[in-house]
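Just below is one structure, and these are the notes that go with it.
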Number of protein chains: 2
Amino acid sequence: MRPSLHEPPTPLAERLAHSGLRNTPQRELIYRALLEKRDHPTADEVYSRVRAEMPSISLATVYNCLETLVQCDLVRQVNFERGPARYCPNLHPHAHFHDEKSGATHDIELPADVLERIRALLPPGYSARAIEITFHGQMPAAQPTQSAA
Amino acid sequence: MRPSLHEPPTPLAERLAHSGLRNTPQRELIYRALLEKRDHPTADEVYSRVRAEMPSISLATVYNCLETLVQCDLVRQVNFERGPARYCPNLHPHAHFHDEKSGATHDIELPADVLERIRALLPPGYSARAIEITFHGQMPAAQPTQSAA
DNA sequence: AGCGGGAATTGGAATAATTCCAAAGAAAGA
DNA sequence: TCTTTCTTTGGAATTATTCCAATTCCCGCT
């Protein structure tokens with residue numbers, strides 16, 4: 001049967017196939033978990049989130065799948081100084097702001113012209129596959145949302 | 001006796017004193033080691049370099065001293081994805097280029113105006129204590145230096 | 001010189017995050 | 001169906017770093 005009738009290929013399935021890899025329930029699940037809550041979770045955090053739905057999954061598999069997703073360019077791995085790696089499904093060029101108080105992380109859009117300016121700093125002959133930009137600092141205290149309470 | 005006659009206060013001694021810390025042979029030695037070979041060594045590498053001169057020093061002390069130097073703003077800690085931390089005595093604003101072939105690291109000068117452009121990406125209210133920029137890529141194969149050989 | 005107290009160093013144990021490994025399980029192709 | 005290859009899994013191993021308790025050092029004061 002034509003699988004496309006029942007299961008339109010997800011971007012995930014396509015990317016995997018493109019690399020000669022298989023789509024698996026674990027990979028799907030982990031990718032969906034990342035898309036669902038985009039707060040830059042660690043591998044451990046992903047582990048506990050997906051276990052709700054698939055209690056038998058192992059931490060090693062979480063590491064494996066995350067690595068696979070990174071290989072397929074579906075997910076970015078983000079490293080803050082010394083801490084555990086974090087994962088991010090935002091594929092637009094962006095920097096990260098790391099709040100030193102709360103530990104929270106926010107994406108900062110990175111306009112093409114600024115990125116270009118940065119890339120232009122490289123001496124001739126140097127070529128950059130990836131440019132990582134991280135801000136460390138404080139963000140304004142979250143305004144108490146004007147709610148009815 | 002006036003110590004300044006014999007021992008003009010080094011920048012290190014000053015910075016330490018400023019933070020209420022003491023200058024010690026270990027701190028001096030480690031700081032000198034960093035200045036001497038600015039190839040962004042890891043703590044382990046620093047350890048083996050300084051042991052040549054002070055065989056009794058311990059790895060824990062190397063970690064302690066490096067941390068102290070970072071606190072005093074005499075040294076920057078540089079983290080590449082997952083690898084051991086590296087240390088850098090260059091205090092000018094600069095980015096790092098990490099060569100994925102050789103693992104070598106080079107400083108890339110960061111002009112104030114570019115830095116300003118980057119800082120300007122932050123939404124209002126956000127303030128950044130530090131901005132980290134890392135290039136990952138390849139540098140040109142080292143040209144065989146035109147030597148007499 | 002001697003003393004008291006805080007700071008620093010030291011070795012070794014402990015921790016955290018990740019990777020490795022070998023065995024068992026699925027899936028796809030011939 | 002049989003074979004091959006890719007995946008997952010649990011647990012052991014590794015790596016980098018931090019923690020800890022016991023000296024040791026150094027400084028100011030007397």
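Keep in mind that the numbers below use all heavy atoms, side chains included, and drop hydrogens, waters and symmetry copies. Below, chain A is the first sequence line, B the second, and so on; all start at residue 1.
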Listed by chain and number, what are the ring pair (Phe, Tyr, Trp, His ring centres under 6.0 Å) partners of [X], not counting sequence neighbours?
{"X": "B:F80", "value": "B:H98"}
{"X": "B:H94", "value": "B:H96"}
{"X": "A:Y31", "value": "none"}

Measure the distance from [atom1] on [X] to [atom2] on [N] and round it to the nearest whole Å.
{"X": "A:Y47", "N": "C:dT18", "atom1": "OH", "atom2": "P", "answer": "14 Å"}
{"X": "B:E81", "N": "C:dT19", "atom1": "CD", "atom2": "P", "answer": "11 Å"}
{"X": "A:N79", "N": "D:dT17", "atom1": "CG", "atom2": "P", "answer": "13 Å"}
{"X": "A:L59", "N": "D:dT9", "atom1": "CG", "atom2": "P", "answer": "11 Å"}
{"X": "A:L29", "N": "D:dT8", "atom1": "CG", "atom2": "P", "answer": "11 Å"}
{"X": "A:Q71", "N": "C:dT19", "atom1": "CD", "atom2": "P", "answer": "11 Å"}
{"X": "B:L16", "N": "D:dC26", "atom1": "CG", "atom2": "C1'", "answer": "14 Å"}

Item to check | With sequence neighbours excluded, residues passing side chain to side chain contact (heavy atoms under 4.5 Å, CB included) with A:Q26 | outcome: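 By the side chain to side chain contact (heavy atoms under 4.5 Å, CB included) rule, A:Q26 matches A:T24, A:M54, A:I57, A:T61, A:C65.
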
Checklist entry - Salt-bridged, B:R49 to B:E36, with N to O below 4.0 Å? => result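 No, no charged N to carboxylate O under 4.0 Å.
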
Checklist entry - Is B:K37 salt-bridged to B:D39, going by a charged N under 4.0 Å from an acidic O? => result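 Salt bridge present between B:K37 and B:D39.
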
Item to check | Inter-axis angle, terminal five-pair segments of the helix from C:dA1-D:dT30 to C:dA30-D:dT1 [nearest 10°] | outcome: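 What I find for the helix from C:dA1-D:dT30 to C:dA30-D:dT1 is an axis angle of 30°.
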
Checklist entry - Are A:I133 and B:F135 grouped together when hydrophobic residues (ILVMFWY) are joined by side-chain heavy atoms under 4.5 angstrom apart? => result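 Yes; tracing contacts between hydrophobic side chains, which count when under 4.5 Å, links both residues.
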
Checklist entry - Any side-chain donor paired with an acceptor under 3.5 Å for A:H106 and A:D99? => result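 No - no donor-acceptor pair under 3.5 Å links their side chains.
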
Checklist entry - Without hydrogens or angle criteria, can the side chains of B:Y126 and A:Q138 be said to hold a donor-acceptor pair below 3.5 Å? => result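 Result is no, nothing qualifies.
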
Item to check | Residue-phosphate contact under 4.0 Å: A:R82 side-chain N/O, D:dA16 OP1/OP2 | outcome: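 A:R82 to D:dA16 OP1/OP2: no side-chain N or O under 4.0 Å.
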
Checklist entry - Would one find a side-chain N or O of A:Y63 under 4.0 angstrom from OP1 or OP2 of C:dT18? => result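 Yes, such a contact exists.
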
Can you give me the N/O atom pairs linking the protein to nucleotides 8-10 of chain C at distances under 3.5 Å, or say none if there are none?
{"unit_1": "C:dA8", "atom_1": "OP1", "unit_2": "B:R22", "atom_2": "N", "d": "2.9"}
{"unit_1": "C:dA8", "atom_1": "OP1", "unit_2": "B:R27", "atom_2": "NH1", "d": "2.8"}
{"unit_1": "C:dA8", "atom_1": "OP1", "unit_2": "B:R27", "atom_2": "NH2", "d": "3.4"}
{"unit_1": "C:dT9", "atom_1": "OP1", "unit_2": "B:T24", "atom_2": "OG1", "d": "2.8"}
{"unit_1": "C:dT9", "atom_1": "OP1", "unit_2": "B:Q26", "atom_2": "OE1", "d": "3.4"}
{"unit_1": "C:dT9", "atom_1": "O3'", "unit_2": "B:Q26", "atom_2": "NE2", "d": "3.2"}
{"unit_1": "C:dT10", "atom_1": "OP1", "unit_2": "B:S56", "atom_2": "O", "d": "3.4"}
{"unit_1": "C:dT10", "atom_1": "OP2", "unit_2": "B:S58", "atom_2": "N", "d": "3.3"}
{"unit_1": "C:dT10", "atom_1": "OP2", "unit_2": "B:T61", "atom_2": "OG1", "d": "2.5"}

